[in-house]
There are 2 protein chains.
Amino acid sequence: MSRAEQKEKTRRAIINAAFQQLSADKSFASLSLREVAREAGIAPTSFYRHFSDMDELGLTLVDEAGLMLRQLMRQARQRIVHNRSVIQTSVETFMEFIMQHSNVFRLLLRERSGTSAAFRSAVAREIQHFCAELADYLRKENKSTAEMALIQAEAMVILVFHAGADALDASDEVRQRITTKTIQQLRWLAGGSKPPAV
Amino acid sequence: MSRAEQKEKTRRAIINAAFQQLSADKSFASLSLREVAREAGIAPTSFYRHFSDMDELGLTLVDEAGLMLRQLMRQARQRIVHNRSVIQTSVETFMEFIMQHSNVFRLLLRERSGTSAAFRSAVAREIQHFCAELADYLRKENKSTAEMALIQAEAMVILVFHAGADALDASDEVRQRITTKTIQQLRWLAGGSKPPAV
DNA sequence: ACATTGGGCGTACATTTGTAAGCTGAAAAT
DNA sequence: ATTTTCAGCTTACAAATGTACGCCCAATGT
């Protein structure tokens with residue numbers, strides 16, 4: 001195995017170890033360099049060969065999470081075309097998605113209002129991007145102004161994200177109720193700029 | 001000074017020390033028993049005379065935050081009577097409030113999706129209470145069903161809280177923009193159940 | 001063929017943490 | 001007046017953490 005390959009492999013091992021350890025009871029802040037190194041199967045000091053400190057690793061994780069969000073957006077769009085209600089399809093896709101990538105999602109949720117300014121702005125950037133894409137869609141669909149579409153999109157994203165946070169630790173049944181509730185909330189928002197086609 | 005008085009006094013000192021240390025860069029989880037004790041002006045081990053561990057202190061803080069929320073709700077209601085738009089008055093009151101009690105608010109925001117299950121449910125309970133009161137108000141005002149009123153109230157609270165989080169670290173000017181944006185979002189939500197009186 | 005590079009390791013150290021054990025002195029109870 | 005209680009202190013220790021330093025050796029460069 002080439003040296004570059006090997007290095008990339010350990011780097012992935014570190015990143016995966018970090019994601020692995022993120023859970024309902026463990027935030028990134030409560031992760032220690034040594035713990036991550038242990039899980040990745042390397043010596044603590046080897047960590048520095050890849051990241052200068054935990055913060056740098058954290059920002060990398062946020063970047064990865066951003067990629068996931070874009071992937072989610074694409075997936076939702078694909079399903080929309082040949083299906084029923086846009087809102088329902090989107091929320092359901094979102095819920096499926098976060099269940100599959102719960103740790104990624106948890107990271108975004110927590111660091112959005114976390115203790116590191118660098119993290120907060122990194123997460124804010126990813127979510128902004130997400131909102132902007134949604135706003136663009138809404139603007140075309142509803143022929144509203146760009147400003148209004150963005151405000152609307154932001155509200156929608158906040159509600160869906162929050163619903164996701166609740167859904168993460170809930171039973172299937174409760175999650176279904178949360179989904180229904182969220183759909184209702186989004187419809188009110190959508191109805192504000194356009195007569196509702198309930 | 002009586003013994004009971006003295007004890008209560010140091011207990012307050014501990015609680016205040018904890019709130020004091022909470023800031024944009026310091027979450028409750030990153031607070032150490034020793035730090036709090038230091039700030040409170042007592043020896044580390046004296047802490048145990050008042051709380052069995054940091055978690056117990058944390059739950060006390062959440063309770064205090066709950067009191068604040070109820071106080072906020074009363075304050076908003078008082079202002080509503082003799083003023084202009086209900087939504088505008090409420091959001092503005094909320095914004096004033098969180099600026100005055102930013103650390104209390106930050107605690108609620110963070111522990112809502114924090115790492116301790118006990119904290120999460122404690123915060124959830126306080127926010128539920130807040131939502132229920134608002135829902136009651138909405139139900140009477142709009143003659144909607146109790147269920148719909150609650151779903152609506154929850155959406156509103158989420159949006160306002162989130163706006164508060166953003167506003168905390170923003171400049172006065174940005175905060176004003178956030179306020180306007182939030183008012184717009186709430187109007188869409190309110191309009192869903194009743195024709196809007198913009 | 002030889003020299004350089006760099007990822008990974010082991011050792012080491014200063015800090016910080018939670019908390020156990022036991023003492024002290026003043027308030028409260030007898 | 002004597003005893004009991006108990007908030008607060010000092011001392012002590014084990015565990016965990018971040019990270020500096022230097023060695024090793026296989027992949028790479030010459």
Side-chain angles (χ1 to χ4, degrees), chain A residues 1-23 25-62 107 110-111 114-119, chain B residues 1-23 25-62 107 110-111 114-119:
Chain A
M1 185 153 28
S2 99
R3 194 125 84 158
E5 277 172 341
Q6 177 56 40
K7 175 155 190 185
E8 182 54 26
K9 206 169 158 188
T10 341
R11 189 187 145 93
R12 287 295 339 162
I14 294 175
I15 294 175
N16 291 340
F19 271 129
Q20 184 88 25
Q21 306 215 331
L22 293 178
S23 69
D25 308 317
K26 203 105 185 166
S27 73
F28 183 80
S30 72
L31 232 69
S32 81
L33 184 151
R34 287 177 109 104
E35 262 178 319
V36 172
R38 216 176 299 137
E39 171 101 20
I42 60 171
T45 48
S46 299
F47 179 92
Y48 295 107
R49 303 285 186 199
H50 302 271
F51 303 96
S52 71
D53 53 19
M54 285 295 282
D55 278 10
E56 201 176 302
L57 169 60
L59 292 179
T60 306
L61 297 191
V62 173
L107 177 78
R110 290 210 172 117
E111 300 309 328
T115 58
S116 155
F119 280 28
Chain B
M1 182 154 29
S2 99
R3 194 127 82 158
E5 277 173 342
Q6 177 56 40
K7 175 156 189 182
E8 181 54 26
K9 204 169 159 187
T10 28
R11 188 187 145 92
R12 287 295 338 160
I14 293 175
I15 293 176
N16 291 340
F19 270 129
Q20 183 87 26
Q21 306 216 330
L22 293 178
S23 69
D25 308 317
K26 202 106 184 163
S27 72
F28 182 80
S30 73
L31 233 71
S32 81
L33 184 152
R34 286 178 110 105
E35 261 178 321
V36 172
R38 216 176 300 139
E39 172 100 22
I42 58 171
T45 48
S46 298
F47 179 93
Y48 295 108
R49 302 288 185 196
H50 302 271
F51 303 96
S52 71
D53 53 19
M54 284 295 283
D55 278 11
E56 201 175 302
L57 169 60
L59 292 179
T60 306
L61 297 191
V62 173
L107 177 77
R110 291 214 172 113
E111 300 309 327
T115 59
S116 156
F119 280 28

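Numbered from 1 within each chain, the chains take letters A, B, ... in sequence-line order. As the structure is a prediction and not an experimental result, all values here were calculated from the model. In what follows, every heavy atom counts, from backbone to side chain, and hydrogens, waters and symmetry copies are set aside.
Interface remark: the A:Thr10 side chain does not form any donor-acceptor pair with the C:dG8 base, using a distance-only criterion of under 3.5 Å. With hydrogens and angles ignored, no donor-acceptor pair under 3.5 angstrom links the side chain of A:Arg49 to the base of C:dG6.
Comment: B:Glu8 does not engage B:Arg3 in a salt bridge, judged by the lack of any side-chain N to carboxylate O separation of less than 4.0 angstrom.
Evaluation of the side-chain hydrogen bond (donor to acceptor under 3.5 Å, both in side chains) rule for B:Gln6 yields no partner, not counting sequence neighbours.
Atom CG of A:Asp53 is separated from atom C1' of D:dT17 by 14 Å (rounded to the nearest Å). Between the P atom of C:dG22 and the OH atom of B:Tyr48 lies a distance of 17 Å, rounded to the nearest Å. Distance A:Arg34 CZ to C:dT11 P: 13 Å, rounded to the nearest Å. When the C1' atom of D:dT19 is taken as reference, atom CG of A:Leu57 falls 16 Å away, rounded to whole Å. Residue B:Asp55 contributes atom CG, which lies 17 Å from atom P of C:dT17 at whole-angstrom precision. Here the C1' atom of nucleotide D:dA7 and the CD atom of B:Glu5 are 15 Å apart, to the nearest Å. Spacing between atom CZ of B:Phe51 and atom C1' of D:dG8 amounts to 15 Å, rounded to whole angstrom units. Here the C1' atom of nucleotide D:dT28 and the CD atom of A:Gln6 are 15 Å apart, to the nearest Å.
A distance of 7.5 Å separates OG of B:Ser32 from NZ of B:Lys26, quoted to the nearest 0.5 Å.
Backbone-only contact: B:Arg38 has heavy atoms under 4.0 Å from sugar-phosphate atoms and none from a base.
Comparing C:dT11, D:dG8, D:dG18 against the side chain of A:Thr45 picks out C:dT11 as the nearest.
Between B:Ser46 and D:dC9 there is a side-chain N or O to OP1 or OP2 distance below 4.0 Å. A sub-4.0 Å separation between OP1 or OP2 of D:dT17 and a side-chain N or O of A:Ser32 is present.
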Apply side chain to side chain contact (heavy atoms under 4.5 Å, CB included) to B:Phe47 and B:Leu57, showing your working. CA-CA 10 Å; B:Phe47 179 93; B:Leu57 169 60; 3.9 Å; yes
List, with names and distances, any nitrogen or oxygen atoms from the protein found under 3.5 Å away from nitrogen or oxygen atoms belonging to nucleotides 26-30 of chain C.
residue, atom, partner, partner atom, Å
C:dA28, OP1, B:Arg3, N, 3.2

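The main-chain N or O of A:Phe19 is never found under 3.5 Å from a side-chain atom of A:Asn16 such that the two would form a donor-acceptor pair.
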